[in-house]
Amino acid sequence: MAIYLIRRFLIMIATIFVIATMTFILMHSIPGNPFTTQDRSTSEAVQENLNAHYHLDEPMLTQYGIWLKSLVTFDFGPSIKQPTETVNDLLSRGFPISAELGMWTIMIALLSGITLGVLAALKHNGMIDYIAMTLAVLGISVPNFILATLLIQQLAVNLQLLPAATWSSPMHMIMPIIALATGPTAIIARLTRSSMLEVLTQDYIKTARAKGLSPAKIVIKHALRNALMPVVTILGTLVAAILTGTFVIERIFAIPGMGKYFVESINNRDYPVIMGTTVFYSAFLIFMLFLVDIVYSILDPRIKLHKKGGS
Amino acid sequence: MKRNWKMSIIACLAACVLLLAACTANNNTGGSGGEGDGEEKKVLRLNNGQEPTSLDPPEGFDSVSWVMVNNLMEGLTRLDENHQPQAAMAENWDVSEDGKVYTFYLRDDAKWSNGESVTANDFVYAWKHMLDPEQAYQPAFLAYVIEGAEAYNSGEGRADDVAIKAVDDKTFEVTLTSPTGYFLNLLTNPAFFPVNEKAAKENPEWFAEAESYVSNGPFKIDSWSHDKELIMAKNPEYWDADTVKLDQVNWAMVADTNTEYQMYQSGDLDRSSIPADNAKDLMDSEELVTEVQAGDQFLRFNVQKEPFTNEKIRKAFAMAMNRDDIAEFIRGIGEQPARGFVPYGFETPSGGDFREENGDLVQDDPEEAKKLLAEGMDEEGWGELPAVTLTYGTNTANERLAEGIQSMLSDNLGVDVELQTVESSVFSEEQTKLVYQLFRGSFLADYGDPVNFLESFTTESSSNRTGWSNEQYDKLIADSKTESDETKRFEMLMEAEKILLDEMPIMPLHFYQHVYLQKPHVKNVVMHPVGYLELKWADIE
């Protein structure tokens, strides 16, 4: 186990390094720079001063060196677009907010998704199944930004029940959580249903029934445990994506999370922020995938981590 | 039984928590000002769209920073309701006979929000800081009219040689390289605002947080939750505090215009911009407010690429437009068609309007356009017009405009142009390298003078981006900057504009306009054409 962990950790570091290097190359190969403006004039001298200030006049290799240093020390320096703040400021301010929204979303998606999926599987081809799966199809096919706008229009503008946007009280969290959780709920419900159906036909379930176990015990202790494997598989990616913020939902509800930095930093060619967000996100994602592997071994004792480590 | 009893207590508690949450939410979103507070506070709720780039006056060189800084700070002069510069931190000033030396006398009661006096040294410190090449402030070039400023900012001169000095605590002297007719107007740009030297030296990041922000304008920062909300309170130390009616201004930072509009509808905001999809329906709204914006949208011709090497062909394209239709149907937010480059709203020395006096410099005339196109092609000996591509930065509004132009060129001139959309930053960069043939351009003023527009097309200007160069034009712009007679200066600028639109390296399309919705109880909010919002006189009834 310990050897596996160490190996896994080293591979993680190497992966992040590769991602970081590729980001650097890609970032500098797209034309444009952080200071080009379309609407306003500026002077040559000012441009040169700006380039010097952010080390953009140095040779690429030097810039790469500066960047590796910032990566190792985890200090990405000031944002170019918001010069009064460092990338670390932006991340440490935005991430807790995105994570708070994300945690609720994941919890609600898991609870309602698994419940719907299990109910649908147990009442296979029954009324509940059809209702649950219609909801799931709707949930997958209605994009969250449409749902978000609809929710605001109905609940905030027409009925005046909830505040339209911004992020300050629990009431402000209700609509974004619903909008964000609907898609994952639907995916989880469908996954749970299909794998539950598969599991329910297996021999050991029949054995359990034959032993006279209560239906609840069969479902929760024997069936669900195996049926959840596919859900756990997607959970790693899902959690990483949702916890680090979603551009669209955060934008629509004016939530000051970190979702917008992923998109806007690229549009603005805000190099330090691009690097900071990419590295942060990839590190987080890799860590989540690692956790998923551990959860596998808990759910299915047949999976031995040290054997997998070699692959 | 016992268990049920416990459950109901928990249920009650949960209900209470929910109820409480609901109440606090309602308080936050309730009407303007705390009703029932005894004395009613006047609170204006606005949206800035995003976190200001920086509240350090010269650092935030954009409208999202200016609207805030202009209300927190004040320069030597300030724009009045008619967008003319008036005495502000400076009570009055003398100008030397050659028009080059300005001596400003600061008000005795000019104070910082921490109670300290605003001194001439605060201006000297702020301006030299702005010009410091190591700080790399974008608007530094605006100050190049000051003697020694360009040399210092380009790294060739010394800070001590910049011709600004504090004669005494309240007297500030500036020497310009040449008489600059628009200097007092230029000073209203936030780049020229003072900085409290003591505060800035104690904490170089003084502008980053509410606690350390020292302001000298009508408002001060009460609290600032980054990326979320900034609350301004009336600044009691402001010299003209009696004029300021509002007690508080709450700034939201909502980027999405649909959300902004929905918050306006649900009563969370007093003012909102207009979502593009709703523009047509909202144009008749009684809450609609429009104000002149100093800026325009146009197309640049690359005069080094065929077919736009030929002047007549450029003119033919320009005349094939139907500008009324562009303004009315494509833009659809009540803007003016542009038949010149300098927008409406710039007063001439005789009291007229620059745009009206210089007249329409390009006509919408499809017949003449066809004729010119044929003549141009004859001149070049082309049997067929070289293929033309119209390039623009990716966004919906640009796309609509480009499609409109495409169909006008096809209908009125019989020319089929291809459209090409390019990611915005790439577009900005490549146009400076003259990669494109025919491409979208826009200009927003940095300060309120026609020369700000026209200097964009001198040979050396970074905004030229057309490859066009005209010696006489360059000379007129340069001479206008040293001309002390305002009437003559305006004549030069009008002459220059005529040359620009006679040779037509650009074709103007329409002028911009500030358009927004505002609740009827909000009064006297002024948006200056150059893009600074003014809340000094704003009131809530």
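- The minimum heavy-atom distance between A/R251 and B/A255, with the atom names listed, is NH2-O, 3.4 Å.
- Looking at A/Q82, the atoms closer than 4.5 Å to chain B (heavy atoms on both sides) sit in the backbone and in the side chain alike.
- With values rounded to the nearest 0.5 angstrom, A/I80 atom CD1 is found 13.0 Å from B/T53 atom OG1.
- Heavy atoms from other residues, nucleotides or ligands lying under 6.0 Å from CG of A/L159 number more than 12.
- For chain A, the nearby part of B/E51 is the side chain; its heavy atoms alone come within less than 4.5 Å.
- For the atom pair B/D256 CG and A/F145 CZ, the distance stands at 11.5 Å (nearest 0.5 Å).
- When the candidates B/P133, B/A252, B/A140 are compared by the number of heavy-atom contacts under 4.5 Å with chain A, B/P133 comes out ahead.
- A donor-acceptor contact shorter than 3.5 Å is absent between the side chain of B/T259 and the backbone of A/F253.
- The nearest pair of heavy atoms linking B/Q262 to A/Q153 is NE2-OE1, 2.9 Å.
- Chosen from B/K228, B/E460, B/E229, the residue pairing most often with chain A at heavy-atom distances under 4.5 Å is B/K228.
- Shortest non-hydrogen contact noted between A/N49 and B/N153 is ND2-O, 2.9 Å.
- For B/M263, the parts sitting under 4.5 Å from any heavy atom of chain A are the backbone and the side chain alike.
- Identified under the salt bridge (Lys or Arg N to Asp or Glu O under 4.0 Å) test for residues 75-87 of chain A, with sequence neighbours left out: A/E85-A/R93.
- Taking each heavy atom of B/A136 and A/L50 in turn, the nearest pair found is O-CD2, 3.1 Å.
- Interface remark: B/Q265 contributes backbone and side-chain atoms alike to the contact with chain A (heavy atom separation under 4.5 Å).
- Both the backbone and the side chain of A/T149 come within less than 4.5 Å of a heavy atom in chain B.
- A/I97 contributes atom CD1, which lies 8.0 Å from atom CG of B/D227 (distance to the nearest 0.5 angstrom).
- In this structure, A/T84 and B/E209 have side chains that are not in contact, with every pair of non-hydrogen atoms separated by 4.5 Å or more.
- Scanning all heavy atoms of the two residues, the minimum distance from B/D268 to A/A164 falls at OD2-N, 3.8 Å.
- Two residues are said to be in side-chain contact when any heavy atoms from C-beta on lie closer than 4.5 Å; A/D89 and B/H226 fail this criterion.
- For chain A, the nearby part of B/E423 is the side chain; its heavy atoms alone come within less than 4.5 Å.
- Note that CG of A/L161 is 11.5 Å distant from OG of B/S266, once rounded to the nearest 0.5 Å.
- For B/F207, the part sitting under 4.5 Å from any heavy atom of chain A is the side chain, from C-beta outward, and nothing else.
- A/N267 and B/S425 make their closest contact through O-OG, 2.8 Å (heavy atoms, listed as atom of the first residue, atom of the second, distance).
- When the candidates A/P256, A/A52, A/G94, A/A156 are compared by the number of heavy-atom contacts under 4.5 Å with chain B, A/P256 comes out ahead.
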